[in-house]
There are 2 protein chains.
Amino acid sequence: MPTKTFFNLPEEKRNKLLEAIHEEFSRVSFEEVSINQIIRMAGIPRGSFYQYFEDKKDMLRYLLSDYQEMLKGHALVSLERNGGDLFQMFLDIFDFTYGYVTEEKNNAFFKNLFADISVNAEFLRHRAHKAGQNTFGEFIGELLPYIDMDALDIRNEDDFGNMLGVLLPLTGEAFTTAFFDISGYAQIRLRYTQRLELLKRGFLKAKGAKT
Amino acid sequence: MPTKTFFNLPEEKRNKLLEAIHEEFSRVSFEEVSINQIIRMAGIPRGSFYQYFEDKKDMLRYLLSDYQEMLKGHALVSLERNGGDLFQMFLDIFDFTYGYVTEEKNNAFFKNLFADISVNAEFLRHRAHKAGQNTFGEFIGELLPYIDMDALDIRNEDDFGNMLGVLLPLTGEAFTTAFFDISGYAQIRLRYTQRLELLKRGFLKAKGAKT
DNA sequence: TATAAATATGACACCCTGTCATATTTTGCG
DNA sequence: CGCAAAATATGACAGGGTGTCATATTTATA
């Protein structure tokens, strides 16, 4: 995360830097992002950059955490509107993300971000970590009270965590694909909803039925 | 993929190069892998390297495809042994991978490989692509006839593809975590099996039961 | 206002990558 | 065999990039 110094920066200077960062991340994929470019654009000396950020990844984390904050807000709204439907929440988040990302000014920026495999994974890891069984991070933690647990077939204390453990990578994959695949949004979204349905009902036949 | 020239190399020279690659990938994570180091170790001139590989990623793809070949073999064996049980196959692959990776000589190598988020994602993408709904690649294609479809609750032509679409990212995540998480193999494996069980039975209550 | 704590700065040391013109080998074949 | 064409090999080079550090400036503080 950026240093205290960064946040203390006079607004103007900080904004110019942030803009430069946004521009550079829009120009090329994360892998190719160059600190040199950024400082040139922002007109700050090299040394200053390292006073604010640890390195390239540090910037990335900052950018992603921004997005994550937004996500959290939307997740809450979705849950409140839909009686705590966990599946609907995931779908809403999917839709929101797609919409946000395709906004003109965010387009190139996010395309590059999501396009880069390493970023995508960082993002997954980020969330996966937070939703991990042990470290039940803030993200899910805050949502927990709003989720309708009664709809879920929870038989022991691990089940809920594990459900998330399935939903998260699945959703992450849908994100990646949505910005990569030629097949486009409609197609990916269809697949994603189909998969959510599969999760709801289970993969095996003859659940209730006796042979 | 490596060029034809690479495969035509006299065995001795090629092996020396492969060894150097293995060593470098064991030394640091993919991100830090240096072609300079490799050519120094292998004692080949810079230009030669680029005669064999396109770049760093090209090497990576080669290494991963190797592993993938192995996987395929094990998947087949598993299916044959277990009456085409898809879930058991995934679990077997998980176990095999863990075992293989923890072999002394592969340990550092794979740890670095899996530890690097970008590699991991590349690997996921790789597989995800092959199992994608449209491009039903060789991997799954070859396994298809061995899978016991009757056990699965398949209601339309998309269902099977979508089941894989859930299983693949889930398994990928399990791999990543297994080599990262402090909690260790037993813990991760337990979680993975729990999640497979959840997939089998479905997340929602009251499936057969009428309200 | 003097001294300590924070910031800013940019030259430096170091490392890397991909290319290209130039050798050296191999191959194909009359 | 002898030689031109096709393959390979080579390593110097141009162009970039990163993180650090000793040295200035500012700002805060007593």
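Reminder, nothing fancy here: chain letters follow the sequence lines and each chain counts from 1. All of these numbers come straight from a predicted model, not from anything done at the bench. When reading the values below, keep in mind they use all heavy atoms of this one structure, side chains included, and skip hydrogens, waters and symmetry mates.
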### Query
Within less than 4.0 Å of OP1 or OP2 of D:dA9, is there a side-chain N or O belonging to B:Lys13?
yes

### Query
Between B:Lys56 (NZ) and D:dG17 (C1'), how many Å, whole number?
13 Å

#### Entry: Rounded distance in Å - CE (A:Met41) to P (D:dG17)
11 Å

### Query
In terms of ring plane angle, is the pair B:Phe7 and B:Tyr62 parallel, tilted or perpendicular, where the classes change at 30° and 60°?
perpendicular

### Message
Whole angstroms only, please: what is the OH-C1' distance between B:Tyr50 and D:dA9?
### Response
16 Å

### Closest nucleotide among C:dC16, C:dT9, D:dG19 to the B:Ser34 side chain
C:dC16

### Query
Does OP1 or OP2 of D:dT8 have a side-chain N or O of B:Asn8 closer than 4.0 Å?
yes

### Query
Do A:Tyr100 and A:Phe110 have ring centres separated by under 6.0 Å?
yes

### Task
Figure out the CD/P separation between B:Glu31 and C:dC15, and round it to whole Å.
18 Å

### A:Ile35 side-chain proximity, nearest of C:dG18, D:dT18, D:dT10
D:dT18

### Query
Angle class for the B:His22/B:Phe109 ring planes (parallel below 30°, perpendicular above 60°, tilted otherwise)?
parallel

### Task
Specify the separation, in whole Å, of atom CD1 of B:Ile39 and atom P of D:dA9.
14 Å

#### Entry: Phosphate-side-chain proximity, A:Thr5 and C:dT7, N/O vs OP1/OP2 below 4.0 Å
yes

### Message
Quick check on D:dG17: is either OP1 or OP2 less than 4.0 Å from any side-chain nitrogen or oxygen of A:Arg40?
### Response
yes

#### Entry: Below 4.0 Å: OP1/OP2 of D:dA9 and any side-chain N or O of B:Ser48
no

### Summary
Between CZ of B:Phe49 and C1' of D:dA12 the distance, given in whole Å, is 19 Å

### Task
Just call it for A:Tyr52: base, sugar-phosphate, or nothing, with non-hydrogen atoms closer than 4.0 Å on any strand.
sugar-phosphate

### Query
Counting just side-chain N and O atoms, does A:Asn36 come under 4.0 Å of either OP1 or OP2 of D:dG17?
yes

### Query
Considering heavy-atom distances to DNA chain D, does A:Val33 or B:Pro10 have its closest nucleotide positioned more toward the 5' end?
B:Pro10

### Task
Check whether any side-chain N or O of B:Arg46 sits under 4.0 Å from OP1 or OP2 of D:dT10, and answer yes or no.
no

### Message
Rounded to whole Å, how long is the line connecting atom CG of A:Asp58 with atom P of D:dT18?
### Response
14 Å

### Message
At less than 4.0 Å, is any side-chain N or O atom of A:Gln37 found next to OP1 or OP2 of D:dG17? Yes or no.
### Response
yes

#### Entry: A:Ile38 CD1 - D:dG19 C1' separation (whole Å)
15 Å

### Query
How about A:Phe49 and A:Phe53: are their ring centroids closer than 6.0 Å?
yes

### Query
Short question: side chain of B:Asn112, backbone of B:Ser26 - any donor-acceptor pair under 3.5 Å?
yes

